[in-house]
Amino acid sequence: QVQLVESGGGSVQAGGSLRLSCAASGRTFSSATMGWFRQAPGKERVFVAAITSSGDSTYYADSVKGRFTISRDNAKNTVSLQMNSLKPEDTAVYFCAAKVRYGSIWAVEALYDYWGQGTQVTVSS
């Protein structure tokens, strides 16, 4: 079993930066693909970024590629999302998620097994 707790959300002006962190518990963390999703008001939850269990590969939505960086520290059981050059359209609740099952599909929400409660990110113009 895996429990996930996000932190680091807040309000920032457009062009600024924010770093989200996700603390995980459970022995399966080190073997799980970790992802970040976000959901804006009135919108469906969408994929943002993912990182493989070993950290050797990362994947990003086109909307954040070049601006966001996902990383993990298996020794500390954490995954982070560094967000730079933030835009108002990045405003959303950001969720940390874990995909325990083996696979090569990263952006499908239904394939993730565990979810955090989310943390609010607000970007003002």
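- Ala98 and Val2 get closest at one heavy-atom pair: CB-CG1, 4.5 Å.
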Determine, step by step, whether Gln120 and Thr91 satisfy the side chain to side chain contact (heavy atoms under 4.5 Å, CB included) criterion, reporting the C-alpha distance in whole Å, the side-chain angles of both residues, the deciding distance to 0.1 Å, and the verdict. CA-CA 8 Å; Gln120 177 70 49; Thr91 295; 4.0 Å; yes
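- Tracing side-chain contacts under 4.5 Å through hydrophobic residues (I, L, V, M, F, W, Y), one reaches Val100 starting from Met34; they form part of the same cluster.
- Pairs engaging residues 2-15 under the side chain to side chain donor-acceptor pair (under 3.5 Å) rule: none recorded [sequence neighbours left out].
- With sequence neighbours left out, Arg72 forms a salt bridge (charged side-chain N to carboxylate O under 4.0 Å, His left out) with no residue at all.
- Although no hydrogens or angles enter the test, the distance criterion places no donor-acceptor pair under 3.5 Å between the side chain of Asn84 and the main chain of Gly16.
- To the nearest 0.5 Å, the span separating OG on Ser30 from CG on Asn77 amounts to 7.5 Å.
- Each disulfide (SG to SG under 2.5 Å) pair with one or both residues in residues 55-84, not counting sequence neighbours, would appear here, but there are none.
- Qualifying salt bridge (charged side-chain N to carboxylate O under 4.0 Å, His left out) partners for Arg67, counting only residues two or more places apart in sequence or in other chains: Asp90.
- The backbone N or O of Gln82 sits nowhere less than 3.5 Å from a side-chain atom of Thr69 that would complete a donor-acceptor pair.
- Applying the salt bridge (Lys or Arg N to Asp or Glu O under 4.0 Å) definition to pairs two or more places apart or across chains, those involving residues 95-117 are Arg45-Glu109, Arg101-Asp113.
- Here the CG atom belonging to Leu20 is positioned 7.5 Å from the OH atom belonging to Tyr94, to the nearest 0.5 angstrom.
- Residues Leu18 and Leu86 meet the side-chain proximity criterion, which asks for heavy atoms closer than 4.5 Å.
- Using a 4.5 Å heavy-atom threshold, the side chains of Thr33 and Ile51 count as separate.
- With a 4.5 Å cut-off on side-chain heavy atoms, Gln39 and Val46 do not count as touching.
- Using a 4.5 Å heavy-atom cutoff, the side chains of Tyr60 and Val48 are not in contact.
- Judged by distance alone, with hydrogens and angles left aside, the side-chain atoms of Tyr112 form a donor-acceptor pair with the main-chain N or O of Trp106 at under 3.5 Å.
- Contacts classified as disulfide (SG to SG under 2.5 Å) and involving residues 11-100 (residues at least two apart or in different chains) are given here: Cys22-Cys96.
- With rounding to the nearest 0.5 angstrom, the OG1 atom of Thr119 is 7.5 Å from the CH2 atom of Trp36.
- Ala14 approaches Ser125 most closely through the heavy-atom pair CB-CA, 4.2 Å.
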Taking it one step at a time, do Arg19 and Ser80 satisfy side chain to side chain contact (heavy atoms under 4.5 Å, CB included)? CA-CA 7 Å; Arg19 185 178 180 86; Ser80 299; 3.4 Å; yes
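- Annotation: side-chain contact (heavy atoms from CB on, under 4.5 Å) contacts of Lys76 (sequence neighbours excluded): Asp73, Thr78.
- Residues Val12 and Thr122 form no side-chain contact, since every pair of their non-hydrogen atoms from C-beta on lies 4.5 Å or further apart.
- A 4.5 Å side-chain heavy-atom check between Phe95 and Val93 finds at least one atom pair inside the cut-off.
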Start with the C-alpha distance between Phe47 and Phe37, add both sets of side-chain angles, then the distance that settles ring-ring contact (aromatic ring centres under 6.0 Å, His included), and finish with yes or no. CA-CA 4 Å; Phe47 171 78; Phe37 292 74; 5.6 Å; yes
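- Residues forming a side chain to side chain donor-acceptor pair (under 3.5 Å) with Ser85 (at least two apart in sequence, or on another chain): none.
- Although no hydrogens or angles enter the test, the distance criterion places no donor-acceptor pair under 3.5 Å between the side chain of Tyr59 and the main chain of Gly35.
- For residues 33-64, the set of pairs meeting the disulfide (SG to SG under 2.5 Å) definition, not counting sequence neighbours, is empty.
- Applying the salt bridge (Lys or Arg N to Asp or Glu O under 4.0 Å) test to residues at least two apart or on different chains, none of the pairs has a partner in residues 53-63.
- The cluster map of Ile, Leu, Val, Met, Phe, Trp and Tyr, joined by side-chain heavy atoms under 4.5 Å apart, puts Val64 and Val79 in the same cluster.
- Heavy atoms only, all atoms of each residue included: Ala49 and Leu81 are closest at CB-CD1, 4.2 Å.
- Heavy-atom neighbours of Glu89 CD from other residues, nucleotides or ligands within 6.0 Å: above the threshold of 12.
- Contacts classified as disulfide (SG to SG under 2.5 Å) and involving residues 54-91 (residues at least two apart or in different chains) are not found.
- Legend: residues meeting side chain to side chain donor-acceptor pair (under 3.5 Å) with Trp115, ordered by chain and number and at least two apart, are absent.
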